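Encoded as C-alpha cells, the structure appears first; notes follow it.
Bear in mind that the values here come from a model prediction, so they are computed numbers and not experimental data.
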Amino acid sequence: MKLTYESVIKLREHPWCLPRYTTWLLAAVSFAVGYGLDVISFEALPLILIMMVSAWRLSMVQAVWFRWLFTGFLFIATAVLLEKHFAPGFHNVLVWDNQPVKPDSVPFTLYLNADKPWPALAVLLFFMGPKQPIAFSLLQTGRQWHQAASLALLPVIVMLIVVFGLALGTGFVRWQPAWPEIFWLFLLNNLLITSLAEAALLRGFLQSMLIRHLGSYSWGTYMAILLPALIHSLAHYPASFSYIALVFIASAFYGWIYQRSRSLEMAVLGQWLLNSCHFLLFSYPAAA
C-alpha cells in the first residue's frame, strides 16, 4: 500500500484520549510522586497549575485566534520557565558534575530534571484527544507504528548524514566510539526527559499549532518547521555559534520527521537516536 499522510491519519480512527478527570488525576499523581521523592516542593505548584490550566483552556479553544493567543502565550511562557529551569520549587538531581565523559572532550554536566517533563505531560494529556486535534494522535497499533516508521526513515537517514557530516567537517566533534560509565543513565534520561520534553513542546504543540493556523499558506509548513527549530537553537545560547547552528539544523530535521510521519513518537525517537549516536560514537558534547 502506498504510504501517504492521509493513509496514516485514516488508520487512527480512535485516537488516544483520556477523560478530563483522568488527566488531572495523572497530573496530581505526578506531583505527589515528585514530592515524595523530594524533587518537587509546594513552591512549584502555582506555576504548574498555571501551565496546566492554560493548556486545558487552550485545548478547548477552536479556531478563533484572539481567544487562544493569550492562553497560548501563557502556556509557552510557563513551559519555557520549566524547560529552562527558572521555575522555583524543583530540586533537580546532579549525577555528573562538569567532567569529561571521554578523553579529549569538553566537560559535561548531567542532571535528572524534575521540571522539564511537565510541559510534555501537558501536551500529552490535553492536546492529543480527537475533539482537540492540535497534535497528531499517538500511535495505537503495530500497523500504525510500521507506517510512521516507514515515513520517518528517509529524514532520519538524511539527518544523521548531514548533521554528523557537518559536525565532523567543522571539527566540532571527532570520531571517538566508547561506552562511558554513565551511558545507560544518559540514554534513559535523554529518551524519557530530554527528547520527549523538547519534542512534545516544540513539535507536538508549537509546530502543530503553526500548521493548524498557517498550513493553508504555501510557506506555512516551512515556517512551522523552521520557527521551532530557531527557538530550539537559540535556547542553547550562549553556546558557540557552531553548536547553535548544528542544533538548528538537527531541530529542523526533527520537525521534518514529525511532519512527514505525523507522529510525535517518531520525532522523539529521531532526536534520541541522534543524541545517542553523538554520545556513544563521537566526542561529547564537543571535542576539546
Return yes if some donor-acceptor pair links the side-chain N/O of Asn189 with the main-chain N/O of Leu112 below 3.5 Å, else return no.
no
Would you say the side-chain atoms of Trp272 pair up with the backbone N or O of Leu187, donor to acceptor, closer than 3.5 Å?
yes
Any link between Phe126 and Leu49 through a network of hydrophobic side chains (Ile, Leu, Val, Met, Phe, Trp, Tyr) touching at under 4.5 Å?
yes
Take Leu214 and Tyr217 through the side chain to side chain contact (heavy atoms under 4.5 Å, CB included) test and state the conclusion after the steps.
CA-CA 6 Å; Leu214 301 177; Tyr217 300 97; 4.3 Å; yes
Calculate, to the nearest 0.5 Å, the distance between atoms CG and CG belonging to Leu273 and Leu191 respectively.
11.0 Å
Joint cluster assignment, Trp179 & Leu188, ILVMFWY side-chain distance < 4.5 Å
yes
Enter the distance from Tyr222:OH to Ile225:CD1 here, rounded to the nearest 0.5 Å.
8.5 Å
Over all atoms of both residues, closest heavy-atom pair of Thr109 and Tyr111
CG2-CE1, 3.6 Å
In terms of the angle between their ring planes, are Phe253 and Trp256 parallel, tilted or perpendicular, with boundaries placed at 30° and 60°?
tilted
Check whether any side-chain heavy atom of Ser263 lies under 4.5 Å from a side-chain heavy atom of Leu151, and answer yes or no.
no
Are any of the side-chain heavy atoms of Asn98 and Phe108 separated by less than 4.5 Å?
no
Side-chain hydrophobic cluster, 4.5 Å single linkage: members besides Ile211
none
Test item: Lys84 side-chain N/O and Ala235 main-chain N/O as donor-acceptor pair under 3.5 Å
yes
Looking only at heavy atoms, which two atoms of Gln176 and Ser283 are closest? And how far apart?
OE1-CB, 3.4 Å
Given side chains that start at C-beta, do those of Glu83 and Asp115 come closer than 4.5 Å, heavy atoms only?
no
Using a cut-off of 6.0 Å, state whether more than 12 heavy atoms not belonging to Trp219 lie near its atom CH2.
yes
Non-hydrogen atoms of Thr221 and Gln259 that approach each other most closely:
CG2-CG, 4.1 Å
Do the ring centers of Tyr243 and Phe172 come within less than 6.0 Å of each other?
yes
Quick one, Leu264 and Leu124 - any side-chain contact, counting heavy atoms below 4.5 Å?
yes
Evaluate the criterion side chain to side chain contact (heavy atoms under 4.5 Å, CB included) for residue pair Leu58 and Met209; output intermediate values, then yes/no.
CA-CA 11 Å; Leu58 190 63; Met209 288 290 278; 4.3 Å; yes
With rounding to the nearest 0.5 Å, note down the distance linking OG in Ser30 to CH2 in Trp118.
5.0 Å
Crowded around Tyr35 OH? As in, over 12 foreign heavy atoms under 6.0 Å?
no
To the nearest 0.5 Å, tell me how far Leu45 CG sits from Ile40 CD1.
9.5 Å
Given side chains that start at C-beta, do those of Leu226 and Leu230 come closer than 4.5 Å, heavy atoms only?
no
Between Trp175 and Leu168, what is the shortest heavy-atom contact and its length?
N-CD2, 3.9 Å
Below 4.5 Å, heavy atoms only, C-beta onward: do Met52 and Ile48 meet side chain to side chain?
yes
Please report the closest heavy-atom contact between His91 and Ser41, naming both atoms and the distance.
NE2-CB, 3.9 Å
Checking the side chain of Trp96 only, and the main-chain atoms of Gln99 only, is there a donor and an acceptor separated by less than 3.5 Å?
yes
Is Phe164 close to Leu274 at the side-chain level, that is, under 4.5 Å between some pair of heavy atoms?
yes
Considering only heavy atoms from C-beta outward, does the side chain of Arg203 approach that of Ser208 to under 4.5 Å?
no
Check the angle between the aromatic planes of Phe186 and Tyr284 and answer parallel, tilted or perpendicular using the 30° and 60° thresholds.
perpendicular
Count I, L, V, M, F, W, Y as connected when their side-chain heavy atoms are under 4.5 Å apart, and connections chain through other members. Are Leu196 and Val29 then in the same cluster?
yes
Of all the heavy-atom pairs spanning Val173 and Pro285, show the shortest one and how long it is.
CG1-O, 4.2 Å
Side-chain heavy atoms under 4.5 angstrom apart, residues restricted to Ile, Leu, Val, Met, Phe, Trp, Tyr: same cluster for Ile161 and Leu280?
no
Interatomic spacing from CG in Leu82 to CG in Leu47 - rounded to 0.5 Å:
5.0 Å
Starting from the C-alpha separation in whole Å, work towards a yes-or-no answer on side chain to side chain contact (heavy atoms under 4.5 Å, CB included) for Arg174 and Phe282.
CA-CA 6 Å; Arg174 287 190 291 269; Phe282 301 92; over 6 Å; no
Quick one: CZ on Arg260 to CG on Leu153, what's the gap to the nearest 0.5 Å?
9.0 Å
Strictly distance-based, threshold 3.5 Å: is any side-chain N or O of Lys116 a donor or acceptor partner for the main-chain N or O of Ala197?
no
Do Ile193 and Val33 belong to the same hydrophobic cluster, where Ile, Leu, Val, Met, Phe, Trp and Tyr are linked whenever their side-chain heavy atoms lie under 4.5 Å apart, directly or via other members?
no
Among His236, Gln271, Glu198, His232, find the residue that satisfies the side chain to side chain donor-acceptor pair (under 3.5 Å) test when tested with Ser251.
His232
As a quick check of understanding, evaluate side chain to side chain contact (heavy atoms under 4.5 Å, CB included) for Val101 and Phe279, giving each step before the final call.
CA-CA 9 Å; Val101 293; Phe279 187 79; 4.1 Å; yes
